[in-house]
Amino acid sequence: MSDSLKDLINIILLQEEKCQFTKFTSIDALNLGLLLIDNVKPFKKSVVIDITLNGHQLFHYAMNGTSKDNDEWVRRKNNTVNRFGRSSYYVGRYIASQGKNIEEKYFVSEKEYATHGGAFPLKIKDVGVVGTITVSGLAQEDDHNLVANTIQEYL
């Protein structure tokens with residue numbers, strides 16, 4: 001594994017550690033979703049934002065210029081977080097560090113799982129992963145960092 005990929009994986013793990021809530025309500029989902037909308041503006045691109053708690057969608061916003069394809073990316077990225085308990089970007093970079101794809105590594109279909117950045121575990125301290133906070137529409141690293149940085153700003 002290259003040093004830069006190893007460093008990136010460690011950065012993602014640190015982001016996940018920092019991005020833990022003590023509680024999470026519908027009001028948190030609304031406020032975090034609105035903050036994500038504000039924070040995506042400098043990219044001048046359209047995104048879909050999705051926040052789900054225990055399989056219950058609390059916030060979903062599809063900007064003009066997005067399509068059902070973005071919703072499909074959200075679904076597949078969320079499946080990855082829900083299965084592995086880590087951000088979709090971490091899972092993708094970890095698998096890439098082993099020179100594999102998700103089908104080779106875990107015998108699951110890329111039609112159901114996306115290992116591109118943008119889905120982040122909604123994690124409650126001392127509880128664990130209880131949902132997902134997801135963006136689709138930017139480059140994968142930007143999707144991931146938008147979510148991670150916005151969660152840290154919100155907390």
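Residues take their numbers from the sequence shown, with the count starting at 1.
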Closest contact, heavy atoms only, [X] versus [Y]:
X      : Y      : value
Pro42  : Asn39  : CD-O, 3.3 Å
Gly117 : Gln140 : N-OE1, 2.9 Å
Ala148 : Cys19  : O-SG, 3.6 Å
Ile12  : Ser87  : CG2-OG, 3.4 Å
Leu5   : Ser97  : CD2-CA, 3.4 Å

- Which of parallel (below 30°), tilted (30 to 60°) and perpendicular (above 60°) describes Phe59 and Tyr61? tilted

- Query: Parallel, tilted or perpendicular: which describes the rings of His116 and Trp73, with under 30° parallel and over 60° perpendicular?
  - Reply: perpendicular

Got a salt bridge between [X] and [Y], using NZ or NE/NH1/NH2 to carboxylate O under 4.0 Å?
X     : Y      : result
Lys23 : Asp28  : yes
Lys77 : Asp143 : yes
Arg75 : Glu112 : yes
Glu16 : Arg86  : yes

- Item | Stepwise side chain to side chain contact (heavy atoms under 4.5 Å, CB included) check, Lys123 with Val130 | CA-CA 6 Å; Lys123 198 170 187 179; Val130 296; over 6 Å; no

Note, [X] side chain near [Y] side chain (heavy atom, < 4.5 Å):
X      : Y      : value
Leu36  : Val40  : no
Ile133 : Ile151 : yes
Asn101 : Glu104 : yes
Tyr89  : Phe120 : no
Val135 : His144 : no
Glu72  : Arg76  : yes

How many angstroms lie between [atom1] in [X] and [atom2] in [Y], if you round to the nearest 0.5 Å?
X      : Y      : atom1 : atom2 : result
Glu103 : Tyr113 : CD    : OH    : 11.5 Å
Tyr94  : Lys100 : OH    : NZ    : 9.5 Å
Thr115 : Phe84  : OG1   : CZ    : 9.0 Å
Leu122 : Ile51  : CG    : CD1   : 7.5 Å
Asp69  : Ser136 : CG    : OG    : 7.5 Å
Ile49  : Leu146 : CD1   : CG    : 7.0 Å

- Task: Begin with the C-alpha distance, continue with both residues' side-chain angles, and end with the deciding distance and a verdict on side-chain hydrogen bond (donor to acceptor under 3.5 Å, both in side chains) for Gln15 and Asn145.
- Result: CA-CA 9 Å; Gln15 286 172 322; Asn145 285 324; 3.1 Å; yes

- What residues, two or more places apart in sequence or in another chain, satisfy salt bridge (charged side-chain N to carboxylate O under 4.0 Å, His left out) together with Glu153? none

Sub-3.5 Å donor-acceptor pair from the side chain of [X] to the main-chain atoms of [Y], do we have one?
X     : Y      : value
Thr52 : Gly55  : no
Gln98 : Ile95  : no
Thr80 : Ala114 : yes

- Polar contact flag, side-chain donor to acceptor under 3.5 angstrom, Gln57-His60: yes

- Message: Please determine whether the number of non-hydrogen atoms from other residues, nucleotides or ligands lying under 6.0 Å from atom CG of Asp38 exceeds 12.
- Response: yes

- Message: Thr134 and side chain to side chain contact (heavy atoms under 4.5 Å, CB included): which single residue from Val47, Val74, Val81 fits?
- Response: Val74

